Every structure is written in C-alpha cells, then in structure tokens.
Amino acid sequence: MERGKLSRERVLDAALALVDEIGVKGLTMRRLGAEIGVEAMTLYYYVPNKEALLDGLVERVLSRAVAEPPAPGTPWRSMLREAAVGYRRELLRHPGVLPLVAGRPVSGPEALQVLEAGVAVLREAGFGLREAFHAITATITFVVGHTLAEVPPPGQDEPALDTTGFPLIAHAVAEGLGAPEDHQSRFDYALDALLDGFAARLRA
C-alpha cells in the first residue's frame with residue numbers, strides 16, 4: 001500500500017485488527033508494517049513511536065464508542081448510559097486492547113474534546129466541576145472493570161465452579177449465573193445503580 005493511501009486512522013485500524021489476532025504483546029512496528037504492506041519506517045509518519053501507537057489504539061476504541069461529543073442540552077443520564085454501553089460494546093469487540101485501556105489514560109485531543117463536552121453536559125445539569133469528572137471517571141472505570149471480569153484471558157476458558165455445599169450459589173448457577181445473558185443483566189443492573197447514585201447525590 002502506498003503511503004499516500006495511508007492515514008493515521010487506517011494505521012490504527014490495522015493495528016487494532018492485529019491486536020485482535022495476536023494480542024498487544026505481539027504487536028510490533030515491523031509486524032504492523034508487514035500487515036499493511038509498507039516498511040516499518042513508513043508508519044512513523046503517522047505515529048511517532050510505539051507508545052503513541054498504543055495510546056492511539058485506546059483513543060480509537062473510545063472514538064468508536066462515542067462517535068461525537070455530546071451536544072449542549074443532552075440529558076446527562078442518557079449521555080453516560082450511551083457512552084457506557086458503547087464503550088463496553090467496543091471492548092467486547094476488541095478484547096485485546098483491554099490491558100491497554102485498563103492502564104493508559106486517554107490524552108489525545110479527540111478524547112479530550114469528548115471529555116470536555118461531557119463535563120459541560122453534567123455541569124449544565126447541576127453537577128459540580130469535580131463531581132462531573134468523578135461521575136465520568138467512575139462510569140469508565142466500571143465499564144473497564146466489568147469487561148475485564150467478563151472476558152477470560154486469551155487462551156483460557158472460565159474454570160468450572162464447584163458449588164458443592166453452597167446451595168444458593170448452585171441454584172443461581174443453574175438459573176444462568178455467569179452465562180452471557182447474565183453478563184448483560186449484571187451490567188445493566190450495576191450501571192443503573194451507578195446512575196441512580198449520581199442522581200441521588202445531585203438531588204441532595
């Protein structure tokens with residue numbers, strides 16, 4: 001592929017697909033260049049180094065989860081819910097980036113623009129400045145933690161749970177505890193509880 005046909009977004013998308021296939025540890029500039037069909041040095045025109053590439057992957061996933069910054073007047077609760085649902089969706093699509101999003105804060109201009117707009121919506125609804133940041137951080141942290149617990153590490157299946165002597169746990173497992181549908185139900189329950197807590201503090 002000629003450099004003129006490349007873009008930062010295409011490089012990041014190719015890196016994301018590669019991480020889905022081989023994991024973050026296997027991602028190198030040389031391997032990525034080979035995957036795209038260019039020399040590794042060509043990639044540095046779009047991402048200055050490996051760290052910038054990893055930061056870009058985190059931001060790319062977030063940008064897919066939140067297509068555009070929320071507009072003024074957007075209901076704060078639906079904004080946070082839609083962002084949480086979208087972020088979990090993208091993390092489940094690309095579980096290979098979970099180790100990155102768990103440890104690398106977003107710092108790119110696109111992500112900061114979304115953050116700035118989200119804080120503005122919360123401030124408009126009556127949240128204090130620091131409370132607005134706390135609400136967003138808590139929501140993002142919840143989504144990442146939930147998804148980490150939901151997706152087993154690469155190459156590992158979830159271990160069988162021995163419920164002998166634990167009748168309540170056994171009954172819950174028999175009714176679907178831990179099944180994919182249960183993950184969705186658990187996510188919705190916890191997210192609603194989190195948003196209810198924000199609403200209660202806002203009313204107080």
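Reckoned from all heavy atoms, side chains included, excluding hydrogens, waters and symmetry mates. The structure displayed is predicted, hence computed values, not measured ones.
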Exercise for the section: May I ask you to check whether Arg64 and His94 show a side-chain donor-acceptor distance below 3.5 Å? Expected result: yes
Flag the pair [X] / [Y] as yes when at least one side-chain heavy-atom distance between them is below 4.5 Å, and no otherwise.
X	Y	answer
Arg123	Val119	yes
Val114	Leu62	no
His183	Arg88	yes
Phe133	Leu115	yes
His171	Leu177	no
Val121	Leu80	no
Leu12	Tyr46	no
Leu57	Val101	no

[X] side-chain N/O to [Y] backbone N/O, donor-acceptor pair under 3.5 Å:
X	Y	value
Thr74	Pro70	no
Glu124	Gly73	yes
Thr28	Arg31	yes

Handout entry: Crowding at CD, Gln113 (>12 non-hydrogen neighbours, <6.0 Å)
Key = no
Problem - Other residues, nucleotides, ligands: >12 heavy atoms within 6.0 Å of Arg89 CZ - result: yes
Looking at every non-hydrogen atom in both residues, tell me the closest pair between [X] and [Y] and how far apart they are.
X	Y	answer
Leu6	Val38	CD1-CG1, 4.1 Å
Ile136	Gly118	CD1-C, 3.9 Å
Pro99	Pro95	CD-O, 4.0 Å
Leu194	Ala138	CD2-O, 4.1 Å
Asp182	Gly176	CB-O, 3.2 Å
Ala132	Leu122	O-CD1, 3.4 Å

Practice task
Could you tell me whether Phe142 and His146 have their ring centroids closer than 6.0 angstrom?
Solution key: yes
Exercise for the section: Please test Arg201 against His134 for side-chain contact (heavy atoms from CB on, under 4.5 Å), starting from the C-alpha separation and ending with a verdict. Expected result: CA-CA 12 Å; Arg201 294 183 69 91; His134 291 340; over 6 Å; no
Exercise for the section: Apply the test side-chain contact (heavy atoms from CB on, under 4.5 Å) to residues Leu161 and Ile169: give CA-CA distance (whole Å), side-chain angles for both, the deciding distance (0.1 Å), then the verdict. Expected result: CA-CA 10 Å; Leu161 182 64; Ile169 298 175; 4.0 Å; yes
Handout entry: salt bridge (charged side-chain N to carboxylate O under 4.0 Å, His left out) between Asp192 and Arg81, intermediate numbers included
Key = CA-CA 8 Å; Asp192 282 338; Arg81 168 169 275 285; 2.4 Å; yes
Starting at [atom1] of [X], measure out to [atom2] of [Y] and round the result to the nearest 0.5 Å.
X	Y	atom1	atom2	result
Gln184	Leu92	CD	CG	9.0 Å
Arg60	Leu53	CZ	CG	12.5 Å
Ser78	Leu195	OG	CG	10.0 Å
Leu43	Leu32	CG	CG	5.0 Å
Arg30	Met41	CZ	CE	11.5 Å
Met29	Glu39	CE	CD	12.5 Å

Handout entry: Verdict with reasoning, Arg186 to Glu181, per salt bridge (charged side-chain N to carboxylate O under 4.0 Å, His left out)
Key = CA-CA 9 Å; Arg186 191 185 312 169; Glu181 301 80 15; over 6 Å; no
Practice task
Please report the C-alpha distance between Val85 and Phe187 in whole Å, then the side-chain angles of each, then the deciding distance to 0.1 Å, and finally whether the side-chain contact (heavy atoms from CB on, under 4.5 Å) criterion is met.
Solution key: CA-CA 9 Å; Val85 169; Phe187 176 82; 4.0 Å; yes
Problem - Pairs involving residues 62-87, ordered by first then second residue, that meet ring pair (Phe, Tyr, Trp, His ring centres under 6.0 Å) (sequence neighbours left out) - result: Trp76-Phe127
Problem - Arg77 NZ/CZ over Phe198 ring centroid, <6.0 Å and within 45° of normal - result: no
Exercise for the section: Establish whether Tyr189 and Leu168 are linked, either directly or via other cluster members, by ILVMFWY side-chain heavy-atom contacts under 4.5 Å. Expected result: no
Exercise for the section: Identify which one of Val19, Val58, Leu54, Val24 satisfies the side-chain contact (heavy atoms from CB on, under 4.5 Å) criterion when paired with Val97. Expected result: Val19
